Colleague: 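This structure is in structure tokens; I'll ask about it shortly.
Quantities reported herein were computed from a predicted structural model and do not represent experimental measurements.
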Amino acid sequence: MSIKNKFKRFFDLEEDEYVYEEVVEENGEETGENNEYPPAHAKKNKQNVVSLQSIHQQSKVVLVEPRVYAEAQDIADQLKNRRAVVMNLQRIPHDQAKRIVDFLSGTVYAIGGDIQKLGPNTFLCTPENVDISGSISEMLEGE
């Protein structure tokens, strides 16, 4: 068996069609092996292949309204679990809201995500698997 056939068999690239091979034995006689049908020992283990597009993974968007700075870690955990977070910071004192935004800015930077201000005291934090396009302030200016 040639190295090419070994690689095909190893990576399961062989087609269903088998070809005629001539084998030369050690004594110099040619024997023809017709491999039109697979030999009994050559069972194929074909696995079911599923395209990635057919797998539907549902994304989540988490809405939070923190009341204390300690909830920032819970929001960061949501981001680490690849969930988008919309934060409403209206019910928290301004200095604590700034600290939360600073903390989450670092978290978003670390995971390669994005943070955007949607309105006064409202922010959208997304992990790297969520792409944000457009801007709300651009839409408001167009009206």
Side-chain angles (χ1 to χ4, degrees), residues 1-26 30-143:
M1 180 183 283
S2 70
I3 189 83
K4 183 178 175 184
N5 289 339
K6 287 181 183 178
F7 277 117
K8 282 183 180 181
R9 183 165 289 167
F10 180 76
F11 290 110
D12 198 28
L13 298 175
E14 279 189 282
E15 297 178 7
D16 292 335
E17 189 176 301
Y18 290 88
V19 295
Y20 181 81
E21 294 179 6
E22 287 186 12
V23 178
V24 178
E25 292 183 353
E26 290 180 10
E30 286 187 7
T31 60
E33 291 183 5
N34 189 351
N35 290 333
E36 290 178 17
Y37 300 101
H41 66 278
K43 293 181 181 178
K44 285 191 165 188
N45 294 334
K46 291 208 174 192
Q47 298 175 355
N48 292 336
V49 178
V50 179
S51 71
L52 291 175
Q53 294 175 349
S54 66
I55 298 173
H56 180 38
Q57 184 179 6
Q58 189 174 12
S59 298
K60 281 190 171 185
V61 176
V62 180
L63 305 174
V64 295
E65 193 169 15
R67 295 177 190 248
V68 293
Y69 175 74
E71 293 180 35
Q73 186 173 359
D74 297 334
I75 298 168
D77 290 338
Q78 295 291 338
L79 289 167
K80 287 180 5 184
N81 290 330
R82 301 176 62 107
R83 295 185 182 119
V85 177
V86 177
M87 276 190 315
N88 181 4
L89 300 174
Q90 291 179 350
R91 294 190 178 195
I92 193 165
H94 182 68
D95 61 328
Q96 288 185 10
K98 284 178 75 173
R99 289 181 60 204
I100 290 175
V101 171
D102 289 342
F103 179 80
L104 292 176
S105 294
T107 303
V108 167
Y109 177 77
I111 63 171
D114 192 18
I115 185 167
Q116 285 191 356
K117 186 173 184 175
L118 300 179
N121 300 324
T122 306
F123 293 86
L124 172 63
C125 303
T126 56
E128 76 281 353
N129 64 324
V130 178
D131 186 31
I132 301 173
S133 61
S135 174
I136 291 184
S137 60
E138 291 175 2
M139 286 188 244
L140 292 175
E141 292 173 2
E143 292 181 357

Colleague: What distance separates Met87 CE from Leu124 CG, expressed to the nearest 0.5 Å?
Modeller: 9.0 Å

Colleague: For Gln96 versus Val68, what's the shortest heavy-atom pair and its separation?
Modeller: OE1-CA, 3.9 Å

Colleague: Supply the atom-to-atom distance Asn81 CG to Lys60 NZ, rounded to the nearest 0.5 angstrom.
Modeller: 10.0 Å

Colleague: So how far is it from Asp77 CG to Thr107 OG1, rounded to the nearest 0.5 Å?
Modeller: 9.0 Å

Colleague: Answer whether the closest heavy-atom distance between the side chains of Pro66 and Ile100 falls below 4.5 Å.
Modeller: yes

Colleague: Can you tell me how far apart CG (Leu104) and CG (Leu79) are? Round to the nearest 0.5 Å.
Modeller: 6.5 Å

Colleague: So, taking the atom named CG in Leu89 and the one named NZ in Lys98, what distance separates them when rounded to the nearest 0.5 Å?
Modeller: 12.5 Å

Colleague: Taking all non-hydrogen atoms of both residues into account, name the closest pair between Arg83 and Pro127 and its distance.
Modeller: O-CD, 3.6 Å

Colleague: Could you pull out the closest heavy-atom pair between Ile115 and Val108, with the gap in Å?
Modeller: N-CG1, 3.9 Å

Colleague: Looking at CZ of Arg91 and CZ of Arg67, how far apart are the two atoms once the value is rounded to the nearest 0.5 Å?
Modeller: 4.5 Å

Colleague: Tell me whether the count of non-hydrogen atoms from other residues, nucleotides or ligands lying under 6.0 Å of CD in Gln73 goes above 12.
Modeller: no

Colleague: Are any side-chain N or O atoms of Asn88 and backbone N or O atoms of Gln90, one a donor and one an acceptor, separated by less than 3.5 Å?
Modeller: yes

